[in-house]
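I have placed the structure first, in the form of structure tokens, so that the comments after it can refer back to it.
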Amino acid sequence: MYMLQAIDVYKRFHKLEVLKGISLQVARGEVIAIIGPSGSGKSTFLRCLNRLETVDKGYIEIQGEVMVQNGPDNQAQYSDEKNIARLRRKMGMVFQDFNLFPHRSVLENLMLAPVLVQNIEKEQAEHNARALLEKVGLAYKADNYPFELSGGQQQRVAIARALAMNPEIMCFDEPTSALDPELTGEVLRVMKNLAEEKMTMIVVTHEIGFAKEVADRVIFMDEGLIVEQGSAQQVLLNPQHERTQAFLGNVLMAR
Amino acid sequence: MEYLSKLIPVMLMGTTLTLKLFFCTLVLALPLGVVFAVARLSRFKILNVFMQIYIWIFRGTPLLLQLFFIYFGLGIVGLQLDRFPAALLAFVLNYSAYLAEIYRSGIQSIDLGQREAADVLGLTRLQTLTQIILPQMFKRVLPPISNEVINLIKDTALVYAIGMSELLRVAKTAAVRDFSFTPFIVAAIFYLLMTAGIQQFFKWLEGKYDYYH
């Protein structure tokens, strides 16, 4: 059984077809990096996996349970809301702009959902939250507010907040793109630690170095399609497709 | 001086009515505006359109006219309200409409990412609204709300048109009777003191919300 399986996913925004039939199988503990030029649909695909966007057509299951499949009219038919809510809870999400709750302290950001959604006792939630902050190296910031933190620290808090819900899969949507270059390292280190703990991860990223070092599989997307995929070695060091070569050429040139 | 000592107690009586209407309106309109704003943003088309029409009517006609409709108009169809309840109803309906639009702009100014973050964490729509959106909205709308509240204290003067003895009417009566301009000066000072109080209160409130950006 796959942790997550998507088959032939289509998505359009008005006239613009963003996903033109994407399929992906993710095994437990696998770390997948999705790379590609902007506008290639990689973020949209990630957002479809936890229904931040709805797909037009296609099949998505999480741990063998169907979230969406094609109905008789060949259009996407979602499972009922309750079921979807349960499946979505298996997935943690980290956004490009962190999206921490600015009116809540760091600790409260981590405690909010466990208390409200999972009905965990406040003391227990706080205990867990502090342990997670320890893990991302920010225990000493527990009582600060997000605006008092650097971008890198905010993103580490956002990762801890997602982990507080005990997700089975962690999704990262360009987690370091909004950060100054000198702050990306601390976030990537936290992600690398997660990978070493065998967390299943899907990471949309521009960090080729991170993909090379951490990802079990690299997927290159362009114009709504998966152009090439394979081990980091294969895709990044020996790309077969000319669009992959061109993209990597541009990215590496920029360094 | 002797004149003032006779005038001021009467004017304080008028002020009591002014303040009573002011506070009753706020207590009802401030929360009602939130409900209306949320209804205005509802996905339910009927509710949404109903709120638009309501807001159009109550922002689109003079408050004085609304006061006449509710006090005299409802009387014609056999629903005669006393002066104070009639005035209160008009003020609450009118101010809720304005406040709803301010709240709506505040709600819509909250970054979509906040909703998405709450969504992926599994919060329900109601939890997202009460825990994430509204608390942040209040901070943002404080300046325009303080405008409305200051307007309200001055608008209460309108109820003299349905024969209620609020501050300005008391002043005018005294001025005509005593052939003196002093009551108007005293009224102006009273209004300024009340608005100064409101300003201080909002300054304090903004300070309370200053713990985050």
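Every chain is numbered from 1, with letters handed out A, B, ... down the list of sequences.
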Hey, mind stepping through A/Lys42 and A/Ile35 against side chain to side chain contact (heavy atoms under 4.5 Å, CB included) and telling me if it holds? CA-CA 7 Å; A/Lys42 53 195 194 304; A/Ile35 60 170; 5.6 Å; no
- Query: Can B/Glu166 and B/Arg83 be counted as an ion pair, charged N to O under 4.0 angstrom?
  - Reply: no
**Q.** NZ/NE/NH1/NH2 to OD/OE distance under 4.0 Å, A/Arg130 and A/Glu134
**A.** no
Item to complete: In sequence, state the C-alpha distance, the side-chain angles, and the governing distance for B/Leu123 and A/Leu112, and then conclude on side chain to side chain contact (heavy atoms under 4.5 Å, CB included).
Response: CA-CA 9 Å; B/Leu123 271 66; A/Leu112 186 81; 4.0 Å; yes
### Query
Tell me, do A/Met3 and A/Glu30 make a side-chain contact under 4.5 Å, heavy atoms counted?
no
Handout entry: Side chain to side chain, A/Met191 and A/Val214, heavy atoms closer than 4.5 Å
Key = no
Please look at [X] and chain A and tell me whether the side chain, the backbone, both or neither of the residue comes under 4.5 angstrom of a heavy atom of that chain.
X: B/Gln127; value: side chain
X: B/Asp111; value: side chain
X: B/Tyr211; value: both

Among residues 137-171 of chain A, those lying within the under-4.5 Å heavy-atom range of chain B are A/Tyr145, A/Phe147, A/Arg161, A/Met165
*Distance under 6.0 Å and angle within 45° of the ring axis: does B/Lys20 meet both against B/Phe84?*
yes
Bottom line for A/Leu116: the part with an atom under 4.5 Å from chain B's heavy atoms is both
If one checks every heavy atom of A/Asp97 against chain B at 4.5 Å, the contacting part turns out to be neither
Margin query: Does the plane of the ring in B/Phe91 sit parallel, tilted or perpendicular to the ring in B/Tyr95? Use 30° and 60° as the thresholds.
Written below: parallel
The reported gap from CE in B/Met51 to CG in B/Asn48 (rounded to nearest 0.5 angstrom) is 9.5 Å
Assert top hit (heavy-atom pairs under 4.5 Å, partner chain B, pool A/Met91, A/Arg104, A/Gln96) equals A/Arg104
